[in-house]
Participant: 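Dumping the structure here so I can ask a few things about it.
Side chains are part of it too, since the values below use all heavy atoms of this structure and drop only hydrogens, waters and symmetry mates. Chain identifiers are assigned alphabetically (A, B, ...) following the order of the sequence lines, protein sequences preceding nucleic acid strands; residue numbering begins at 1 within each chain.
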Amino acid sequence: MINEAPRVRFAPSPTGYLHVGGLRTALYNYLFAKHNNGKFILRIEDTDRNRYVESAVDNLIKALKWAGLQYDEGPDIGGIFEPYIQSQRLEIYKKHTDELIAKGEAYYCFCTPERLKNLKEEQEKKKLPQTKYDKHCLNLSTSEIENNLSNKIPYVVRLNVLPDQKIIFCDAIRNRVEFDSNNVDDQVLIKSDGYPTYHLANVVDDHLMKITHVIRGEEWISSTPKHVLLYDAFGWERPTFAHLPLLLNPDRSKLSKRQGDVAVEEYRDKGYLKEALINFVALLGWNAGDDREFYYLNELVEAFSLERVNKSGAVFDIVKLNSLNAEHLRKKPNEEILEMLRARIQETEFKIQNYSDEFLLMIIEAMKERVSFVHEFIDNCKYFYEAPKEYEKKAIEKNWKPETPMQLRKLRDAFSRLENPTKEDYEHALAKVSEELVIVKGKLIHPLRFAVSGQSTGPGVFDLLFILGKEEVIKRIDAAFENIKN
RNA sequence: GGCGCGUUCGUCUAGUGGCUUAGGACACCGCCCUCUCAAGGCGGGGAUCACGGGUUCGAAUCCCGUACGCGCUACCA
């Protein structure tokens, strides 16, 4: 196993969407695989028929691909160990379970849900430290079992956990972890519907698919003893386990839907860049040991190592995500932003307009350092797309003094005399008017921006004028005389 | 309750026995730049390294307890 290229898997259960915690697990698996020239595999763990969700697998795959985490083997692309969907591997689990039963490592259990429920209640009443199955069916004779089987009495298959064993395993992130087998229940391996539980399916598949490293969330650490026992029962070599710290809500509980968005799809739809989400989520529990915080996916591959993953949970801080999004957006070429902006425009009332690339590119250049999201190239500067319908209330007083209309009229007239004005032409014209009026340029600049955009903030005013064009500028100044009442 | 895992600024984190008066980032505040807002630059406040014992000449760093938090405790993953 030493020096062999690692094989890792992301094994989500299809619940309808990709959880950001799942994204991070997938990412770490991907990074580890790619860093070590190994393989990254997607396997669908759909052994719970009660939780079956239509098209969940498609969503999962779509979200993973959107994020750029391309796997080497998976349900839609196949691979040498297909199928990669557990519900299509039922015979495999059956075969391996039979083997375990033959070895005495597992046994049939015909207990009814009622008996199980009573057993549990009794144990709770006795204030036993833990509730466990009492191995009742372990004592069934061969003929009893055969009889039950031929009478089609529903059954499950349980793992036969021997008492008083120390179960020790190594975790790449937490080092040595030890459990007492007395605390491990005779876990159900095959459910009465014939489907395997996660514990069985995961071990069988990981072995068959030659998975070398099991990198998964910390919530699995408590059930790892069962998995270890299974590897031993089959006589298989154990993979290396690496249990990742949890992603947390602001109140430090496990990241959940109740306290904000958890679906990758929601972040995508809200306008987060995949680069930012990946970068952000990578840093939640890992760092290279230096001060660097800005990474692209390929750079993460380069820098990643399991040894530098933290042990403690990390709060998902949306504010920091936002700032990373802004940073990634600023670094993007304008042409790329243009594509995204056009897509966004299609979602607004401006979709019927026919904006030129040149025009939108100017907006992007002017606004790039003032936005955090692509949609803010629209939302934060509607005035580029339409004349202001209203004027920022609290800014009127500051920007619209009694003498303002007179001064702006002079400016308007100066502008109207310009021919195909450049930015500089506007600037010179304004300088000249301010000289004539014997006022500082600011006295003209701020009311001008306000008249033209309806806002008191925004890009440099001469950029604003140039982008809008002379005709529109004059129209808007005139409109302002009508609309702004002080 | 039992078992397990964890605990450095509000948050993400650096730190693997002396380089640490604990460093960086986000957020917050101030200054510079400046036509505004940003971006950028500079600076500030903010962590008795959960607590208590040890080990050591010396501990955020090693050991032991305690507290707190979280996870698991299903015929769910």
Side-chain angles (χ1 to χ4, degrees), chain A residues 11-15 45-51 86 109 111 113 116 120 124 127-132 154-158 171 173-174 177-180 182-185 187-199 201-202 216-225 243 245-246 248 250-254 280 283-294 310-324 326-327 330 366-372 380 395 398-399 427 430 440-450 453 455-462 464:
Chain A
S13 83
T15 51
E45 310 245 336
D46 59 343
T47 55
D48 184 357
R49 289 197 293 179
N50 299 320
R51 290 217 287 184
Q86 290 187 328
C109 171
C111 290
L116 261 19
K120 192 172 179 177
E124 276 165 1
K127 296 253 191 293
L128 257 40
Q130 73 256 197
T131 60
K132 275 170 64 179
Y155 67 90
V156 301
V157 177
R158 288 181 182 275
D171 188 286
I173 294 165
R174 287 150 222 281
V177 182
E178 182 178 325
F179 285 83
D180 186 327
N182 294 324
N183 294 316
V184 180
D185 204 355
Q187 181 62 48
V188 169
L189 265 20
I190 297 284
K191 299 180 261 187
S192 57
D193 64 5
Y195 279 64
T197 58
Y198 169 85
H199 304 98
N202 138 274
R216 74 226 309 188
E218 188 191 296
E219 68 267 30
W220 291 110
I221 208 162
S222 301
S223 35
T224 304
H243 288 97
L246 258 23
L248 311 174
D251 71 357
R252 306 203 74 86
S253 57
K254 187 169 151 184
F280 175 64
L283 261 15
L284 253 28
W286 172 87
N287 75 86
D290 52 27
D291 287 339
R292 184 168 178 194
E293 299 207 345
F294 187 91
N310 289 150
K311 293 173 166 63
S312 53
V315 173
F316 191 94
D317 179 15
I318 196 89
V319 178
K320 188 150 185 173
L321 206 209
N322 291 346
S323 82
L324 254 184
E327 204 177 337
R330 256 179 267 130
M367 292 299 293
K368 208 174 182 181
E369 282 169 353
R370 281 161 251 264
V371 301
S372 299
N380 290 7
K398 198 169 176 208
N399 291 304
E427 196 163 356
L430 184 139
V440 295
K441 288 190 280 188
K443 289 269 186 239
L444 249 25
I445 284 173
H446 298 297
L448 174 60
R449 169 184 291 108
F450 190 63
S453 73
Q455 293 182 201
S456 60
T457 65
V461 80
F462 302 111
L464 175 60

Participant: Can you list everything that forms a side-chain hydrogen bond (donor to acceptor under 3.5 Å, both in side chains) with Asn322(A)? Sequence neighbours excluded, please.
Facilitator: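 Only Tyr272(A) meet the side-chain hydrogen bond (donor to acceptor under 3.5 Å, both in side chains) criterion with Asn322(A).
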
Participant: Which one, C37(B), C35(B), A77(B), comes nearest to the side chain of Phe462(A)?
Facilitator: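 Output: C35(B).
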
Participant: Touch check for Arg174(A), heavy atoms < 4.0 angstrom, all strands: base, sugar-phosphate only, or nothing?
Facilitator: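 Arg174(A): backbone/sugar contact only, no base atoms under 4.0 Å.
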
Participant: Restricting to salt bridge (charged side-chain N to carboxylate O under 4.0 Å, His left out), what partner residues turn up for Arg292(A), sequence neighbours left out?
Facilitator: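 Scan of Arg292(A) (salt bridge (charged side-chain N to carboxylate O under 4.0 Å, His left out), adjacent residues dropped) gives Glu299(A).
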
Participant: Touch check for Lys254(A), heavy atoms < 4.0 angstrom, all strands: base, sugar-phosphate only, or nothing?
Facilitator: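 Lys254(A): backbone/sugar contact only, no base atoms under 4.0 Å.
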
Participant: Do the side chain of Ser192(A) and the base of C75(B) come within less than 3.5 angstrom through a donor-acceptor pair of N or O atoms?
Facilitator: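 Donor-acceptor pair under 3.5 Å: yes.
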
Participant: Under 4.0 Å, heavy atoms only, any strand: does Pro12(A) hit a base, just the sugar-phosphate, or nothing?
Facilitator: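 Result for Pro12(A) = nothing.
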
Participant: Within less than 4.0 Å of OP1 or OP2 of U73(B), is there a side-chain N or O belonging to Lys132(A)?
Facilitator: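 Lys132(A) to U73(B) OP1/OP2: no side-chain N or O under 4.0 Å.
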
Participant: For Arg51(A), check salt bridge (charged side-chain N to carboxylate O under 4.0 Å, His left out) against everything at least two apart and list the hits.
Facilitator: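 So Arg51(A) forms a salt bridge (charged side-chain N to carboxylate O under 4.0 Å, His left out) with Asp48(A).
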
Participant: Base, sugar-phosphate alone, or nothing: which one does Glu178(A) contact when heavy atoms must sit under 4.0 Å apart?
Facilitator: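 Sugar-phosphate, backbone atoms only, no base.
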
Participant: May I ask you to say what Thr47(A) touches in the nucleic acid, namely base, sugar-phosphate or nothing, with a heavy-atom cut-off under 4.0 Å?
Facilitator: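 Answer is sugar-phosphate: Thr47(A) comes under 4.0 Å of backbone atoms only.
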
Participant: Mind checking what makes side-chain hydrogen bond (donor to acceptor under 3.5 Å, both in side chains) contact with Asn287(A), not counting sequence neighbours?
Facilitator: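 Only Arg308(A) meet the side-chain hydrogen bond (donor to acceptor under 3.5 Å, both in side chains) criterion with Asn287(A).
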
Participant: So what does Lys311(A) touch, heavy atoms closer than 4.0 Å: a base, only the sugar-phosphate, or nothing?
Facilitator: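 Touches sugar-phosphate only.
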
Participant: List in chain and number order the residues that pass salt bridge (charged side-chain N to carboxylate O under 4.0 Å, His left out) with Arg174(A), two or more places apart in sequence or in another chain; answer none if no residue qualifies.
Facilitator: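 Scan of Arg174(A) (salt bridge (charged side-chain N to carboxylate O under 4.0 Å, His left out), adjacent residues dropped) gives Glu218(A).
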
Participant: With a non-hydrogen cut-off below 4.0 angstrom, is Pro447(A) in contact with a base, only sugar-phosphate, or nothing?
Facilitator: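 Touches nothing.
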
Participant: Which part of the nucleic acid, if any, lies within reach of Lys443(A) when heavy atoms closer than 4.0 Å are counted: base, sugar-phosphate only, or nothing?
Facilitator: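 No contact at all - Lys443(A) keeps every heavy atom at 4.0 Å or more from the nucleic acid.
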
Participant: Give one of base, sugar-phosphate or nothing for Val177(A), where a contact means two heavy atoms less than 4.0 Å apart.
Facilitator: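 Sugar-phosphate: the residue Val177(A), judged by heavy atoms under 4.0 Å, touches backbone atoms but no base.
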
Participant: Describe the nucleic acid contact of Ser13(A) in one word from base, sugar-phosphate, nothing, applying a heavy-atom distance below 4.0 Å.
Facilitator: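 Sugar-phosphate, backbone atoms only, no base.
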
Participant: Among all residues two or more places apart in sequence or in another chain, which pass the side-chain contact (heavy atoms from CB on, under 4.5 Å) test with Ile173(A)?
Facilitator: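 side-chain contact (heavy atoms from CB on, under 4.5 Å) check on Ile173(A) returns Asp171(A), Ala242(A), Leu244(A), Val309(A), Lys311(A).
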
Participant: Applying salt bridge (charged side-chain N to carboxylate O under 4.0 Å, His left out), name anything that partners Glu293(A), two or more places apart in sequence or on another chain.
Facilitator: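 Only Lys320(A) meet the salt bridge (charged side-chain N to carboxylate O under 4.0 Å, His left out) criterion with Glu293(A).
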
Participant: If a protein heavy atom is under 4.0 Å from the base, mark B; if only from the sugar-phosphate, S; if neither, -; do that for nucleotides 39-47 of chain B going 5' to 3'.
Facilitator: SS-------

Participant: What string of B, S and - do you get for nucleotides 9-14 of chain B 5' to 3' if you count protein non-hydrogen atoms under 4.0 Å?
Facilitator: --SBSS

Participant: Pick out the pairs of N or O atoms, protein on one side and nucleotides 31-34 of chain B on the other, that lie under 3.5 Å.
Facilitator:
none

Participant: Asn399(A): what forms a side-chain hydrogen bond (donor to acceptor under 3.5 Å, both in side chains) with it, not counting sequence neighbours?
Facilitator: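 Scan of Asn399(A) (side-chain hydrogen bond (donor to acceptor under 3.5 Å, both in side chains), adjacent residues dropped) gives none.
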
Participant: Please list, chain by chain and in numerical order, all residues satisfying side-chain hydrogen bond (donor to acceptor under 3.5 Å, both in side chains) with Ser253(A), sequence neighbours excluded.
Facilitator: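 side-chain hydrogen bond (donor to acceptor under 3.5 Å, both in side chains) list for Ser253(A), sorted by chain: Asn249(A), Asp251(A).
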
